[in-house]
Structures are given as structure tokens and as C-alpha cells.
There are 2 protein chains.
Amino acid sequence: MPPKNQQARARLLEAARDIIRARGFAATSVDELCRAAGVTKGAFFHHFASKEALGVAAAEYWSETTSALFAAAPYHAHADPLDRFLAYLEFRRELLAGAVSQYTCLVGTMVQETHESAPAIRDACARSIHEHALTLVDDIKAAMAARRVHGFSAESLALHTQAVLQGAFILAKAQQSRDLAAESVDHLIRYVRLLFNHPAAEELPA
Amino acid sequence: MPPKNQQARARLLEAARDIIRARGFAATSVDELCRAAGVTKGAFFHHFASKEALGVAAAEYWSETTSALFAAAPYHAHADPLDRFLAYLEFRRELLAGAVSQYTCLVGTMVQETHESAPAIRDACARSIHEHALTLVDDIKAAMAARRVHGFSAESLALHTQAVLQGAFILAKAQQSRDLAAESVDHLIRYVRLLFNHPAAEELPA
DNA sequence: AGGACAATACCAACCGGTTGGTATGTACGC
DNA sequence: GCGTACATACCAACCGGTTGGTATTGTCCT
């Protein structure tokens, strides 16, 4: 038997991440979560005051784990800010691998369902997206200054990259394939190259 | 031979469009739908074999009503294919008005929740998105030929516009405002202008 | 034209199972 | 011996779906 002490909360959070991404928040029952995590309902409501509280905690857990993933990613190695930004986007495209519900975004899925009915979850999801976008802003600002690009804010471009990714996930779910999602990220990369007059702008694969 | 006087069916479809956009598919109960439509459960299951069948019908109803809206929209008046495409995108940005759940996309919302659990709904949503994107392909193809643009397919750019819009809706839901969504569409318009060397590419507002 | 009658459109009451949530208990480290 | 971490048993409300009906409509026959 797996170690039981202290682990119920973590196992529930992991189960929530996997099951909610596959089936959505409303369609995921507390019983199902408990079954998948191998704990009882008593344990669930010991750690989370309600299903909504679990949703908030799942969004925060998502923020922590994904920000660790991106912090450790290799794209930070580039010296030039624009190269870092482009390498980030290519990293995002490479992340589109395996089953659809393995590479899609928990908070993007949850916020669609809860934006009107569960403000606490919605705000936690909004924070997660916003904070991740913020990690791109310094590099975009530096690239804009270095290449004298203007006409929009660095924040809006950072958020636009997240919009493209979220939209790409919807396309991937609709047609059960990463192909369209990857092509959408390619368009985003082409946009950034055109915007900053990046030399490789004309060399993208079809 | 379509049966006449199907008030209940039409009212249920309209209720489904409004409520599912606000709360999601799984969180919308059959009882709630019936209450909103002013019909009984018997009427519901007379017209739809199951809740899943209602979901499929709602996606098809969405396709019909939105394709009528876009067919009648003024952007078709432009003589140049690229101008038509750009006017379409500006039309989409203008559509971002009123409450969040009034301008977001039913099928984009539904496919997120049902892509694994209800293949029939997922496929109906995928068809809806794909068919709408298809209405843009001829103009994009003509614009690409006229301006000798290559390196990607017209289909992939058409689908990319839908990805950006779907992602913009997620941003709008997360922050309960159209602002970020509109800015994301602005980035998309700027991308298309850069791609086709459109004269106004440098004149976009911040 | 009008009566027979069947199909359609809709309704109220109900069903078994599941839902999120609770009350109460226990095992155990500090 | 007390707080934390769980487990068991249970609940009322609600879930999607079914029942057995009635009112309205369309169609065929004469």
C-alpha cells in the first residue's frame, strides 16, 4: 500500500489536474476524485472546505508546477531577449505531445466553466494566466526597445501569446489532434518574427 | 416535411445557447433548461433523446444562426479579397460587446467539456468551427495569390483566426472584460497586415 | 365537406442513482 | 492527551430519464 500519511491532499490535487483537464470541472464529481486519488470523502473534506475550494487549490497547484517547469526550461539560455521569446514559443509548440488532455491547460479549461458561477475559481485561473504572461513581458519590452518596435504594449503581446495557445488547445480538443494547434503556434511565431523584423521571418516551414 | 409549431424545441435551443454559454454544458441541468424555456421535462425528452442529443442540436442551431449572421454582415461588400478578410476580422472585434456570455462562442465552450466524454457533441462543435473557417479560405487564397504570399496554407490561417478568437474569449472570461480580447484581435489584424504587406500595417492604434 | 383516426406536441408525476456535503469516529505522532 | 489526518456511514437535494397520459394537428376516406 502507498504511504498514507500527509499524502491525501497532494494525491487529490494531482487527480484533479488530470481528471478536470479530461472531463471538465462540473462533470468531475468529488467521489470520482476520491476514487482516483485512493482516498475517502472524509479526507477530501478534511483538506478542502468544498468542491469550489478544491478548484481554487487546483488552479494554484497548476500555477506552482507550471511555473517551475518554465523556470527550468532551456529557452532562458539565449542571450538576446527576442531569441528567448521565440525560443519560449518554440518550447510551447514542442510541449504539444501525447494525449490531448496531457498538454492542454487546466486553468483555461476551468475558467470557461466557472467564470460566472464560481468567482473564486475564475480569479485563481485569471491570476495563473496573468502571472505566466508576466514572465514574458521583460523580454518583450527589451526586444521592442532594441528594435524600436511600437504601436502596442508588451503586456498585450504577452497576453496574446496566451490567447493563441488557449485557442490552439480548443482546436486540438475539437479535432483530437495536435496538428492544428501546432500550426497556430507557427502562425504566432511568424507574427513575432515579422513584428521584430527577425531574419528568419521568411524561412518558416509551411 | 419539417413538423410545424415546435415552440418547445426552439425555446429549448435558445435557452441552451444562453445558459450553456454562461455556465457550461455539464453544469446546466435539464430541469434548468426546461424552466428557462417554460416547458416541462416531458417536452424536453419528446424533442431530444437525451441531454447529449440536445448538445448536438444546440451546436447545429449555433452553426445555422451564426452562419446567417456572417452571411448578412457588411464585410462582404469590399471588392478586394484581403480587404474582405481584414473587414471580417474587424467585424469580429466589433462583435465583442455587451456581457461576456453574450459574445462568446457556444461550440468553443462546449467542446472543451465534451471532447472526451461526448464524441457526438465534440464532432458537432468541430464541424461548426471548421465550416465557419472554411468561409474565409477563398478570400485568403485569393489574397495569397495576388500578393505572392506563401509558406503556409490558407486553411491554416483561417483556423488560426478562429484559434485567436477562441483564446480571446477565454481571456475575456478570465478577466470579465472585452479589453484583452479586443487587443488580441488587434494583434491578429496586425499579423494579417504584415503577412500581406498591407499599407496600413504600421498605422494600427496601440 | 366532414368524420375517423393516427401521429405529433406537450404535460405532471415519478424513478433509482448520484450529487456535494456532514456527523461521528478512530489511529497516531507530538 | 490533544490536534491532525484520515475513515465510515449517512443525508436531502438533485440528476438524467421514464411513465402514462391529454390536447392539438394533419391526413385519408367517403
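Only a predicted model underlies this, so the values are computations on that prediction, with no experimental measurement involved. Convention: sequence-line order gives letters A, B, ...; per-chain numbering from 1.
We find that CD of A:Gln7 is positioned 16 Å from C1' of D:dT4, with the value rounded to whole Å. Distance, B:Leu33 CG to D:dC15 C1': 13 Å, rounded to whole Å. Whole-Å rounding puts the B:Lys51 NZ to D:dC15 P distance at 9 Å. Rounded to an integer number of Å, the gap from CZ of B:Arg9 to P of C:dA9 is 10 Å. Atom NE2 in A:His47 sits roughly 18 Å away from atom P in D:dG3 (whole-Å rounding). Computed from coordinates, the A:Phe44 CZ to D:dA5 C1' distance equals 16 Å when rounded to whole Å. One interatomic measurement links the two molecules: NE2 of B:His46 to P of D:dT25, which rounds to 14 Å at whole-angstrom precision.
Aromatic ring orientation, B:Tyr88 versus B:Tyr75: perpendicular (interplanar angle above 60°, classes split at 30° and 60°).
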Between the protein and nucleotides 8-14 of chain D, which nitrogen or oxygen pairs are less than 3.5 angstrom apart?
none

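For B:Glu131, there are no salt bridge (charged side-chain N to carboxylate O under 4.0 Å, His left out) partners two or more places apart in sequence or in a different chain. In this view, A:Arg178 satisfies the salt bridge (charged side-chain N to carboxylate O under 4.0 Å, His left out) rule with no residue, not counting sequence neighbours.
In this structure a side-chain-to-backbone donor-acceptor pair under 3.5 Å is missing from B:Lys173 to A:Arg122.
In this structure, A:Phe45 and A:Glu32 both approach DNA chain C, and ranking their closest nucleotides by distance from the 5' end singles out A:Glu32.
Using a 4.0 Å cut-off between charged nitrogen and carboxylate oxygen, B:Glu90 and B:Arg84 do not count as a salt-bridge pair.
A cation-pi contact links A:Lys51 to A:Phe25, judged by a cut-off of 6.0 Å to the six-membered ring centre and 45° from its axis.
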